[in-house]
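The structure displayed is predicted, hence computed values, not measured ones. Values below: all heavy atoms of this structure, side chains included; hydrogens, waters and symmetry mates excluded.
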Amino acid sequence: MGPARGLLFWGAWLLLLAAPSSLSSSSSLSSSAKASGPAEQAKAGQDSQQQGQGQEQEQEQEQEQEQEHHREHHREQERPRPPHDSSYGTFAGEFYDLRYLSEDGYPFPTAPPVDPFAKIRVNDCGRTKGCFRYGKPGCNAETCEYFLSYRMIGADVEFELSADTDGWVAVGFSSDKKMGGDDVMACVHDDNGRVRIQHFYNVGQWAKEIQRNPARDEEGVFENNRVTCRFKRPVNVPRDETIVDLHLSWYYLFAWGPAIQGSITRHDIDSPPVSERVVSIYKYEDIFMPSAAYQTFSSPFCLLLIVALTFYLLMGTP
């Protein structure tokens, strides 16, 4: 064996001795890689799985919120609403309730009542209330020269007055048919356009205003050159010289006339109408009194004169 072949032999022998250690180390590295690879992969898979579950939960929550929003909107549409009123007051009230604001950021103001004064019903005269009418035959509360109604409401008497005037209209409660010592309730139209209910006491031919006023639930209006009002006053009152007890019967004095700066002046006609007999608030009648113009043509003398003229015209002159 030569020197070269000997060197080759010893080199191959050294490689064989080193091979097991390298193989073992490589096998250990591969085994550790094999051992560590699946754990890290499993952990990474768990992290990705958890992240995917979190995203799915968020999506489910968003879907539930959106579905709840749709359900709430659907319930809001199906919720019954009160019937709509076409009046202006209800229209403004609905805007206020829904919190609609004006351009300035303030709530809309409350709308004024559409009809603050209910018209006087004459169909109830003689049935559910007593009435007095003065003027043209067949007139009503808006066409009579003077109109009065009364009715019992619990412990009160409600009065309605109306007259063809721009000043005042009144009713007096008297023990006789003459003016003097009378309890008077008047509706007065002042310079501000308001109609106020005032209490007076007749001292002779002069009406003195009394501060103690038994009227309540007052309302009045001036329109079409007429003063119209409505008020209540108790049937029984403590003893007072200027306020009568309405459970007793009285003659009713009817008067109306002009006013100066909210103060009443002399009545329009010299002899205002008076009830023919005492009036009981517990008895409802519908009484008509013709005005002076219609009293003239209805008097017996005028009827006789008309008959005589007709006979004369038919028979002719001799």
Problem - Candidate list Tyr251, Phe159, Tyr201, Phe200, test ring-ring contact (aromatic ring centres under 6.0 Å, His included), partner Phe173, passing option - result: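 Result: among Tyr251, Phe159, Tyr201, Phe200, Phe159 is the only option passing the ring-ring contact (aromatic ring centres under 6.0 Å, His included) with Phe173.
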Problem - Option among Tyr134, Phe254, Phe288 that satisfies the ring-ring contact (aromatic ring centres under 6.0 Å, His included) test with Tyr146 - result: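 Result for ring-ring contact (aromatic ring centres under 6.0 Å, His included) with Tyr146: Phe254.
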For the side chain of [X] and the backbone of [Y], is there at least one donor-acceptor N/O pair under 3.5 Å apart?
X: Asp245; Y: His247; answer: no
X: Asn213; Y: Ile197; answer: yes
X: Trp168; Y: Ala255; answer: no

Non-hydrogen side-chain atoms of [X] and [Y] separated by less than 4.5 Å:
X: Val279; Y: Phe132; answer: yes
X: Arg212; Y: Thr242; answer: no
X: His199; Y: Ile243; answer: yes
X: Ile120; Y: Arg230; answer: yes
X: Val195; Y: Glu218; answer: no

Handout entry: From Thr165 atom OG1 to Ile264 atom CD1, the distance as rounded to the nearest 0.5 Å
Key =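 Answer for the OG1-CD1 pair, Thr165 versus Ile264, is 11.5 Å.
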Problem - Cys144 SG to Arg226 CZ distance, which is reported to the nearest 0.5 Å - result: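 Separation between the atoms: 7.0 Å.
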Handout entry: Side-chain ion pair, Asp124 and Arg151, N-O less than 4.0 Å
Key =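 Salt bridge absent between Asp124 and Arg151.
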Practice task
Salt-bridge test for Arg133 and Asp286: reply yes if a basic N is under 4.0 Å from a carboxylate O, no otherwise.
Solution key: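 Yes, Arg133 and Asp286 are salt-bridged.
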Exercise for the section: Would you indicate whether Lys178, at its atom NZ, is surrounded by more than 12 heavy atoms from other residues, nucleotides or ligands within a distance under 6.0 Å? Expected result: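 For Lys178, atom NZ is not crowded (no more than 12 foreign heavy atoms under 6.0 Å).
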Handout entry: Glu276 atom CD, neighbour heavy-atom count above 12 within 6.0 Å
Key =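 It does not: Glu276 CD has 12 such atoms or fewer within range.
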